[in-house]
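Please read all numbers here as calculations on a predicted model, not as lab measurements.
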Amino acid sequence: MTAFAMTAMPVVAQRITTNSQTIDCGQVLYRSPVTAHFELTNEGSGNVVIKKVETSCGCTEVTYPKGAIPENKPFLVSATYDAKLMGHFEKYIDIYTNGASLPFTLTMRGVVVDEIRNFGGDYQFAIGKIKADTDVIMFDDVTKGDSPSQEIHVHNTTADIISPVILRLPEYLKADVSPSSIAPGKSGTVSVTLDSKKLKDYGLTQTTVYLGLNAADKVSADKAIDVSAILLPSFGRVTDQQLLYMPKVKVSDTVLHLGEFEGKKKKKGTIVIENLGRTDLEISSVQSFTEGLLIDLGDTTIAPGESAKLKITADPKTFKGVKQQPRVLLVTNDPRSPKIIIDVNVN
């Protein structure tokens with residue numbers, strides 16, 4: 001089994017560089033050694049000599065050039081793991097070269113299994129030239145400090161080995177692909193992890209990332225993956241006694257049926273929000289998941305026993321091409337219902 005690395009990585013205080021310092025080998029059969037090939041380049045002003053190579057354990061063998069490597073010359077370092085232990089592995093290869101005080105570290109990882117287990121679902125979505133089981137990622141009910149992950153299962157329908165990469169990642173997202181390289185007709189997994197500590201505001205945060213065949217692939221609309229996260233306030237442990245003196249939200253409905261568009265005419269509807277509690281109800285966020293919805297909430301602070309009207313307008317001009325169910329998000333200070341989602345149906 002072979003994996004190739006082609007993802008951009010910065011290199012500091014080294015004369016050698018690589019497009020990826022980490023290769024994920026994915027699932028590896030027990031007692032079937034796996035080899036990762038790291039493509040490196042000497043980008044220094046003179047020859048590079050690899051003085052020695054050290055590994056994190058004796059279960060990993062490494063081959064590398066023994067002579068001088070000219071400047072601007074690419075070369076290959078190959079690491080083979082014996083796969084004699086079941087479970088996840090992560091092995092490090094330290095490369096010591098002339099002119100560098102610190103080693104250049106490569107990493108190979110994967111999981112040793114007794115049987116290769118493939119995804120049993122359908123790849124219904126086309127993301128560029130890659131088939132996937134979804135093109136939308138949603139992180140719901142996230143509180144500050146959480147680091148949830150979501151997976152997209154992908155299938156290589158091309159005739160070439162691909163090294164998928166997620167492009168245009170914001171700072172609060174991290175993505176890993178396993179295995180790093182996917183052969184024609186084979187499958188892999190893209191794991192996207194959210195760092196909620198880097199989200200700035202409560203409520204809905206949305207972005208679009210792109211799934212490329214490799215790090216050099218270009219961004220285009222057909223490779224888009226929509227990512228949304230809902231960050232909610234944390235109330236900690238609330239006792240029944242405390243709930244008696246807190247706000248309590250009630251909405252007239254969580255589904256708003258607007259009927260059919262008639263030409264260019266907008267469709268309008270209203271949701272009534274009531275406060276059945278004993279202290280002020282605060283609506284800290286009112287947002288739409290999709291384009292085409294205009295939202296108007298006159299009062300975001302609702303006193304006990306009072307109500308407010310949420311007016312929702314659907315505009316046919318911007319409603320076309322919406323991939324997701326049109327929805328409106330409310331974030332409240334009611335610990336029973338910190339998040340309320342209203343589906344908007346336009347036939």
Side-chain angles (χ1 to χ4, degrees), residues 1-26 28 33-57 59-81 89-110 128-130 156 158-169 171 174-184 186 188 190 209-219 223:
M1 180 176 180
T2 302
F4 290 90
M6 290 299 291
T7 304
M9 283 287 296
V11 179
V12 180
Q14 291 284 354
R15 298 173 66 188
I16 56 176
T17 64
T18 179
N19 286 335
S20 179
Q21 287 182 245
T22 300
I23 289 179
D24 191 313
C25 303
V28 180
V34 58
T35 299
H37 298 293
F38 296 88
E39 299 175 1
L40 300 95
T41 302
N42 172 16
E43 293 188 350
S45 57
N47 291 346
V48 160
V49 176
I50 298 177
K51 297 187 296 183
K52 67 174 180 177
V53 172
E54 294 182 349
T55 62
S56 56
C57 76
C59 53
T60 307
E61 294 184 359
V62 182
T63 59
Y64 58 93
K66 299 300 191 292
I69 303 168
E71 59 184 84
N72 299 317
K73 178 75 173 180
F75 61 99
L76 201 66
V77 172
S78 299
T80 300
Y81 174 61
F89 66 89
E90 187 160 301
K91 304 301 176 183
Y92 302 97
I93 303 99
D94 289 334
I95 301 174
Y96 293 85
T97 64
N98 60 315
S101 59
L102 297 174
F104 186 84
T105 301
L106 304 172
T107 305
M108 67 180 299
R109 64 189 182 200
K129 295 181 179 180
I130 300 174
N156 181 9
T158 75
D160 303 310
I161 296 175
I162 61 174
S163 300
V165 61
I166 298 292
L167 307 170
R168 301 280 180 89
L169 276 172
E171 65 173 358
K174 184 182 78 170
D176 294 298
V177 180
S178 178
S180 297
S181 296
I182 304 176
K186 299 298 182 179
V190 179
V209 298
Y210 301 86
L211 180 60
L213 294 175
N214 51 58
D217 207 352
K218 295 181 179 180
V219 168
K223 302 168 188 171

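Contact of the V28 side chain with the Y81 side chain is not registered, since no non-hydrogen atoms from C-beta on lie closer than 4.5 Å. By the 4.5 Å heavy-atom criterion applied to side chains, S20 and F38 are not counted as neighbours. At a threshold of 4.5 Å between non-hydrogen side-chain atoms, the residues S181 and S163 count as touching. Contact annotation: the side chain of N47 never approaches that of E71 to less than 4.5 Å [non-hydrogen atoms, C-beta and beyond]. Counting heavy atoms from C-beta outward, N72 and N42 have side chains that stay 4.5 Å or more apart. L40 is not listed as a side-chain neighbour of P74, based on a closest heavy-atom distance of 4.5 Å or more. In this structure the side chain of T105 never reaches within 4.5 angstrom of the side chain of I93, judged on heavy atoms. A heavy-atom distance below 4.5 Å is found between the side chains of K91 and C59.
The two residues P65 and L76 come nearest to each other via the heavy atoms CD-O, 3.5 Å. When all heavy atoms of T60 and A79 are compared, the closest pair comes out as CG2-CB, 4.2 Å. In terms of heavy-atom proximity, R109 sits nearest to D176 at NH2-OD1, 3.2 Å. G212 approaches I130 most closely through the heavy-atom pair O-CD1, 4.2 Å. Summarising the geometry of H37 relative to S78, their closest heavy-atom pair is ND1-OG, 2.6 Å, with the distance given to 0.1 Å.
Remark: the D24 side chain and the S180 side chain contain no N/O donor-acceptor pair separated by less than 3.5 Å. A donor-acceptor pair shorter than 3.5 Å cannot be found between the side chains of T17 and T41. T158 and N156 share a side-chain donor-acceptor pair at under 3.5 Å.
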**Study point:** Residues I166, L211; criterion side-chain contact (heavy atoms from CB on, under 4.5 Å); working and verdict
**Key:** CA-CA 5 Å; I166 298 292; L211 180 60; 3.8 Å; yes
Check your understanding: What do the steps show when you test V77 against T63 for side-chain contact (heavy atoms from CB on, under 4.5 Å), and what is the final call?
Key -> CA-CA 6 Å; V77 172; T63 59; over 6 Å; no
Check your understanding: Run the side-chain hydrogen bond (donor to acceptor under 3.5 Å, both in side chains) check on T35 and T80 step by step: do they pass?
Key -> CA-CA 4 Å; T35 299; T80 300; 2.8 Å; yes
**Study point:** side-chain contact (heavy atoms from CB on, under 4.5 Å) evaluation trace for I69 with V49
**Key:** CA-CA 6 Å; I69 303 168; V49 176; over 6 Å; no
Review point. Could you go step by step and tell me if V177 and V165 meet the side-chain contact (heavy atoms from CB on, under 4.5 Å) rule?
Key: CA-CA 7 Å; V177 180; V165 61; 5.8 Å; no
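For the pair K52 and Y96, the cation-pi criterion (under 6.0 Å, within 45° of the ring axis) is fulfilled. By the 6.0 Å and 45° rule, K66 stacks over the aromatic ring of Y64.
Under a cut-off of 6.0 angstrom, the local environment of CD in E61 is sparse, with at most 12 non-hydrogen atoms contributed by other residues, nucleotides or ligands.
Using a 4.0 Å cut-off between charged nitrogen and carboxylate oxygen, K129 and D160 do not count as a salt-bridge pair.
Between the CZ atom in F75 and the CD1 atom in I16 there is a gap of 4.5 Å [rounded to 0.5 Å].
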